[in-house]
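Numbering starts at 1 and runs along the sequence shown.
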Amino acid sequence: MNSQTLSSFRETAQKKLGNDVFNQLDHEAELIAENITTLQTQLADAVKKYMNDTGKGFNEIQNDLEISSNKLNSILKGTGNFTIKSISEIFGLLGKKVTLNFQ
């Protein structure tokens with residue numbers, strides 16, 4: 001979607017929903033995006049630290065996790081979209097306990 005189309009969509013949505021509802025939804029969408037980025041970054045950082053601390057390479061980690069190279073690449077780049085189960089499995093391999101910190 002180009003920026004002009006997105007701008008037009010946002011204007012239409014704001015008119016239909018009203019400022020208060022639109023602003024609340026916009027704020028929620030920003031928080032969701034920020035939360036996803038934070039989780040992706042934390043997962044990537046944890047795997048990279050584990051690799052550094054253990055001296056294990058890409059292929060060893062891939063075999064340990066039993067995942068494809070594409071999936072491991074997406075973890076390391078901080079772009080993956082993972083289930084709670086897969087996040088738990090990854091942190092389990094890393095010897096880490098997962099906690100959520102709500103602010």
Side-chain angles (χ1 to χ4, degrees):
M1 191 179 288
N2 66 39
S3 61
Q4 187 175 8
T5 304
L6 182 58
S7 177
S8 176
F9 173 81
R10 290 176 63 83
E11 289 171 9
T12 301
Q14 192 167 12
K15 287 177 188 174
K16 287 185 176 188
L17 297 172
N19 284 336
D20 290 342
V21 172
F22 178 82
N23 289 336
Q24 178 63 31
L25 290 173
D26 194 46
H27 176 69
E28 290 171 9
E30 288 176 9
L31 284 174
I32 290 167
E34 183 179 326
N35 289 340
I36 290 169
T37 301
T38 298
L39 288 169
Q40 289 170 321
T41 300
Q42 288 177 348
L43 184 58
D45 290 347
V47 172
K48 289 174 188 175
K49 182 177 183 332
Y50 177 79
M51 291 173 75
N52 188 53
D53 290 350
T54 63
K56 289 188 175 185
F58 183 94
N59 291 334
E60 288 177 284
I61 298 297
Q62 179 187 349
N63 289 334
D64 289 349
L65 292 173
E66 298 177 356
I67 59 175
S68 70
S69 59
N70 287 341
K71 189 153 194 141
L72 182 53
N73 270 324
S74 68
I75 291 170
L76 296 173
K77 289 179 183 176
T79 60
N81 185 15
F82 304 101
T83 64
I84 291 172
K85 182 179 183 276
S86 62
I87 292 170
S88 297
E89 290 170 346
I90 292 165
F91 276 105
L93 171 74
L94 303 180
K96 303 288 183 186
K97 181 178 179 181
V98 176
T99 60
L100 293 175
N101 179 12
F102 299 101
Q103 298 177 9

Chemist: Is there a path of hydrophobic side-chain contacts, each under 4.5 Å between heavy atoms of I/L/V/M/F/W/Y residues, joining I87 to M51?
Modeler: yes
Chemist: Taking K48 for its side chain and L76 for its backbone only, find out whether a donor-acceptor pair lies under 3.5 Å.
Modeler: yes
Chemist: Sort out for me which residue in D26, L25, N23 forms a side chain to side chain contact (heavy atoms under 4.5 Å, CB included) with L17.
Modeler: L25
Chemist: Just checking L31: does its CG atom have more than 12 heavy atoms from other residues, nucleotides or ligands closer to it than 6.0 angstrom?
Modeler: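 Above 12, so yes.
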Chemist: Verify, without hydrogens or angle tests, whether Q62 (side chain) and I67 (backbone) share a donor-acceptor contact under 3.5 angstrom.
Modeler: yes
Chemist: Between the main-chain N or O of N59 and the side-chain N or O of N63, is there a donor-acceptor pair closer than 3.5 Å?
Modeler: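 Answer holds: yes.
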Chemist: Would you say I36 and F82 are hydrophobically clustered, going by side-chain heavy atoms of ILVMFWY under 4.5 Å?
Modeler: no
Chemist: Kindly work out whether a path of hydrophobic side-chain contacts (I/L/V/M/F/W/Y, heavy atoms less than 4.5 Å apart) joins F9 to V21.
Modeler: no
Chemist: Surrounding NZ of K49 (heavy atoms of other residues, nucleotides or ligands, distance under 6.0 Å), is the total greater than 12?
Modeler: no
Chemist: Any side-chain donor paired with an acceptor under 3.5 Å for T38 and T41?
Modeler: no
Chemist: Would the distance check show the side chain of E30 and the main-chain N or O of H27 forming a donor-acceptor pair, the cut-off being under 3.5 Å?
Modeler: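 No: the side chain of E30 does not pair with the backbone of H27.
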Chemist: Give a yes or no on whether E28 atom CD has more than 12 heavy-atom contacts from other residues, nucleotides or ligands under 6.0 Å away.
Modeler: yes
Chemist: Working to the nearest 0.5 Å, report the span between CD1 of I61 and OH of Y50.
Modeler: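 OH of Y50 is found 5.0 Å from CD1 of I61.
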Chemist: So does F22 get a backbone contact from the side chain of Q14, meaning a donor-acceptor N/O pair under 3.5 Å?
Modeler: no
Chemist: Distance check, rounded to the nearest 0.5 Å: N101 atom CG versus Q103 atom CD?
Modeler: 5.0 Å
Chemist: Would you find more than 12 non-hydrogen atoms of other residues, nucleotides or ligands less than 6.0 Å from K56 atom NZ?
Modeler: yes
Chemist: Look at K85 together with E89 and state whether they make a salt bridge at an N to O cut-off of under 4.0 Å.
Modeler: yes
Chemist: Which distance, rounded to the nearest 0.5 Å, do you find between the OG of S74 and the CG of L43?
Modeler: 8.5 Å
Chemist: Roughly how far apart are L93 CG and L65 CG, rounded to 0.5 Å?
Modeler: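 The distance works out to 5.0 Å.
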Chemist: Looking only at non-hydrogen atoms, find the nearest pair between V47 and I75 and report the distance.
Modeler: CG2-CG2, 3.8 Å
Chemist: Near D20 CG, under 6.0 Å, is it more than 12 heavy atoms from other residues, nucleotides or ligands?
Modeler: no
